[in-house]
Protein chains: 2
Amino acid sequence: MSSRKTASDFSTPAFRQHDHGECARSLMDAAHDLCAKRGLRLTPVREKVLELLLKSHAPLGAYAILSELASAGFRAQPPVAYRALDFLVENGLAHRIEKINAFVACSQPRKEHSPIFMICNDCHQVAETSVKPQSSSLDRTARAIGFNIQHTVVEAQGLCAQCRERML
Amino acid sequence: MSSRKTASDFSTPAFRQHDHGECARSLMDAAHDLCAKRGLRLTPVREKVLELLLKSHAPLGAYAILSELASAGFRAQPPVAYRALDFLVENGLAHRIEKINAFVACSQPRKEHSPIFMICNDCHQVAETSVKPQSSSLDRTARAIGFNIQHTVVEAQGLCAQCRERML
DNA sequence: TTATTAATTGTTATGATATAACATTATTGG
DNA sequence: CCAATAATGTTATATCATAACAATTAATAA
Ligand SMILES: [Zn+2]
Ligand SMILES: [Zn+2]
Ligand SMILES: [Zn+2]
Ligand SMILES: [Zn+2]
């Protein structure tokens, strides 16, 4: 048993068969832990938004979240959703997918990472992986031109293996 | 004199001193050539939008373009700007920067490429570089999980060398 | 050329995403 | 408790983008 990890070892289970109930529960637990450790307040609306995001690996738009919040008895003005999302994103519990103006729960909320996303255009699920910062093409290019990176957006759209197979 | 090129050789001149008048003129010429070769029509409004984008290496939002179009005597309803931008983007003459909902002229409109952008948060200019598709972290990761990439978004926000120096 | 078709542009309206501003309530620390 | 801070409630508006259909212009082929 080697300790080597391939890229897929780091990928979110989005495109792999897995027990998503357990997947979601463990990420919710991790969120509670992380907030406790950092003295952050995972208030009811914030927890509810995270719960909604954790329902699947398909990102949700802010207004979809808002409407789910309304159904669950929360106030439903846009700032309610955006504030909760801001909290989750700022604290590394969720990510914004720029290409589709939507949000997804982070699949590795413990560690600092520069996430990269694979967005399936067919099943709409998003896999999150991350890359060693130093080794990315972006970092190499930035060093070459003296650019100081503060934030990165790395997203790919296409077809996941399952969807591609289904289309054959 | 080696034929090796470093990443900076491929970068747009955005963050380097250069004759931008010449820079813009040659890109406009290239656009005319490309359209002629492909039988595309660089109509007045499309050419004007490209001209506006070529005024600097700082991206412009669709409504900024719209207002410049109005000043220049063009019709100024949103679809006018979005259609021209769609044409330019579809034909590789401009790119959309997802992180800031804005558009920039392509700096290497001839060849197929997967562009990478460096967005300076201070001077708001954007450098475009590109990476050999096979070698990017995104492609390696995609191969590892069997994901078929159709489109990529790779953007970094931060500070260009000049702006960082100026801040010291 | 002239009819036919296709591409582009004009126009109105609306949809979708996001934030500013300020009032109110809840939590925390002294 | 009291003052300070953080979070939430609420209204209004800003910003970004497209649907739908009409009118015009350009390309094409009979
Ligand atoms: Zn899961
Ligand atoms: Zn899929
Ligand atoms: Zn230039
Ligand atoms: Zn700069």
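Here is how names work: the chains are called A, B, and so on, in the same order as the sequence lines, proteins then strands, and each is numbered from 1.
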Side chains of [X] and [Y]: donor-acceptor distance under 3.5 Å anywhere?
| X | Y | value |
| --- | --- | --- |
| Asp139(B) | Ser136(B) | yes |
| His57(B) | Glu128(B) | no |
| His32(B) | Glu47(B) | yes |

Please give, in whole Å, the distance from [N] [atom2] to [X] [atom1]?
| X | N | atom1 | atom2 | value |
| --- | --- | --- | --- | --- |
| Ile97(A) | dT17(C) | CD1 | P | 15 Å |
| Leu66(B) | dT12(C) | CG | P | 14 Å |
| Glu98(A) | dT17(C) | CD | P | 13 Å |
| Phe74(B) | dT8(C) | CZ | C1' | 14 Å |

Measuring centre to centre across the rings, with the benzene-like ring taken for any Trp, is Phe103(B) within less than 6.0 Å of His95(B)?
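Judged by ring-centre distance (under 6.0 Å), Phe103(B) and His95(B) do not meet the cut-off.
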Output one letter per nucleotide in nucleotides 7-17 of chain D: B when a protein non-hydrogen atom lies under 4.0 Å from the base, S when only the sugar-phosphate is that close, - when neither is.
SBBBB----BB
So do Val126(A) and Met118(A) actually touch side chain to side chain, heavy atoms under 4.5 Å?
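No - every pair of side-chain heavy atoms lies 4.5 Å or more apart.
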With a 6.0 Å cut-off (strictly less than), is the heavy-atom count around CD of Glu165(B), excluding the residue itself, greater than 12?
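12 or below, so no.
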